Amino acid sequence: MFDLLLRGARLVDDTLTDIAIQDGLIHALGDLTSPAKKTIDLHGNYYVSAGWIDSHVHCYPKSPIYHDEPDSVGIATGVTTVIDAGSTGADDVDEFYELTRQAATDVYALLNISRVGLIAQNELANMANIDADAVKEAVKRHPDFIVGLKARMSSSVVGENGITPLEHAKAMQQANGDLPLMVHIGNNPPNLDEIADLLSSGDIITHCYNGKPNRILTPEGELRASITRALKRGVRLDVGHGTASFSFEVAKRAIAMGILPHTISSDIYCRNRIDGPVRSLALVMSKFLAIGLSLPQVIACVTSHAAEGLRLTHKGRLAPGMDADLTIFTVKDQPMSLTDAENVSLQADKILVPLAAVRAGKGYMTEQGSAENAFDF
């Protein structure tokens, strides 16, 4: 007998399937007849994908700058897995780890290369904060929690240190089993060309469609040669919308040239969740539907591509043996004006609405799902 059986789940390619869950894992897909302790019939009316993964959030509740609760940015919005992108460093990652054990959402960390984490905007301005031994010990203590490193490479963060913190980050990466390295880009110095030329296969540029002068496009609107070279080496692009790091103009121009994001992430924390322009990962995904990406492309960016980029081999796909993490959602025909971080609006015709999530086999309704009373876990 299965623990949970979802009947008539609509996949993003519009095929229908049943999905059986047992012991926190996906057990089988197809036309299933075995009984289950709980059966929910979706009647083909609702989409089901692998659980959404937000590759860039800030959910360390004790961070003095960018803080939130894991479940507020995760399971409550249909997101089953979040990766906190550098809120904590070696000094406070232990406390963050303990706090995440109480969350329904699955939480991982990209460790800030500054041992003090995000206690101030300029955590890499003091080179004494960049402690390779402290990073190594933290990774040893939490090998299943720390899935990569984070370096914020913009002028307000690095101060007078320029590209030097990134050079240290690359050395730390090599000393810790070539963990994924996510690099924040913003105002220069350092110049984006310097940053991109240091990156290698699997490294992640976040805020890839920001509208700042130090962006991936030249003043003439072409892709920088350094970014072309980086992409050829296997460097990945992550959205990281955030309060000040996403431009419709840049995204539309880049996507028209075939420069698509590998991952769509929110860079969400309490302020931009409550006051905008982020609100939720679903809303950020809806912006890419409005720009012109297809539903399968958008969903891949928060499932298989996200899992691949962060080496979460047990997530991101609907297949037997994978974690039983699922997101149940609809695509509503609902005209809506969407806003980027530059306060530019784009009219959307459809929006993604997450109704429920299954995390490790247990079901949770989102606020929208509870309001619609479509089904009940």
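Computation of the quantities below employed the complete heavy-atom set of this structure, encompassing side-chain atoms and omitting hydrogens, waters and symmetry-equivalent molecules. Just so you know, these numbers come straight off a predicted model, no measurement behind them.
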We want to know whether [X] and [Y] form a side-chain donor-acceptor pair, criterion being a heavy-atom distance below 3.5 angstrom.
X	Y	value
S154	N187	no
S247	E249	no
H58	S87	yes
Y108	D144	no
T243	N272	yes

Decide if atom [atom1] of [X] counts as having more than 12 heavy atoms of other residues, nucleotides or ligands within a radius under 6.0 Å.
X	atom1	value
E160	CD	no
R7	CZ	yes
R224	CZ	yes

Is there a side-chain contact between [X] and [Y], using heavy atoms and a 4.5 Å cut-off?
X	Y	answer
L32	S34	no
L110	V147	yes
L346	K287	no
T327	V79	no
I53	D106	no

For [X] versus [Y], what's the shortest heavy-atom pair and its separation?
X	Y	result
D238	S55	OD1-CB, 4.1 Å
G78	T366	N-CG2, 3.6 Å
F246	A251	CE1-CB, 3.7 Å
T330	Y47	CA-CD1, 4.5 Å
L338	F248	O-CE1, 3.5 Å
L198	I163	CD1-CG1, 3.6 Å

So that I can tick it off, tell me whether [Y] and [X] are bridged by a salt bridge, with the cut-off set at under 4.0 angstrom between side-chain N and carboxylate O.
X	Y	result
E123	K150	no
K315	D325	yes
K212	E342	no
R236	E308	yes
K170	D203	yes

Quick check: does any side chain N or O of [X] sit under 3.5 Å from a backbone N or O of [Y], one acting as donor and the other as acceptor?
X	Y	answer
N112	G86	yes
T15	L11	no
R10	G44	yes
T105	I75	yes
D68	C59	no
D340	N343	yes

Exercise. Are the ring centres of H207 and H56 closer than 6.0 Å?
Worked result: yes

Seminar exercise, completed: When N129, D92, D91, D133 are each screened for side chain to side chain donor-acceptor pair (under 3.5 Å) with R115, the one that passes is D91

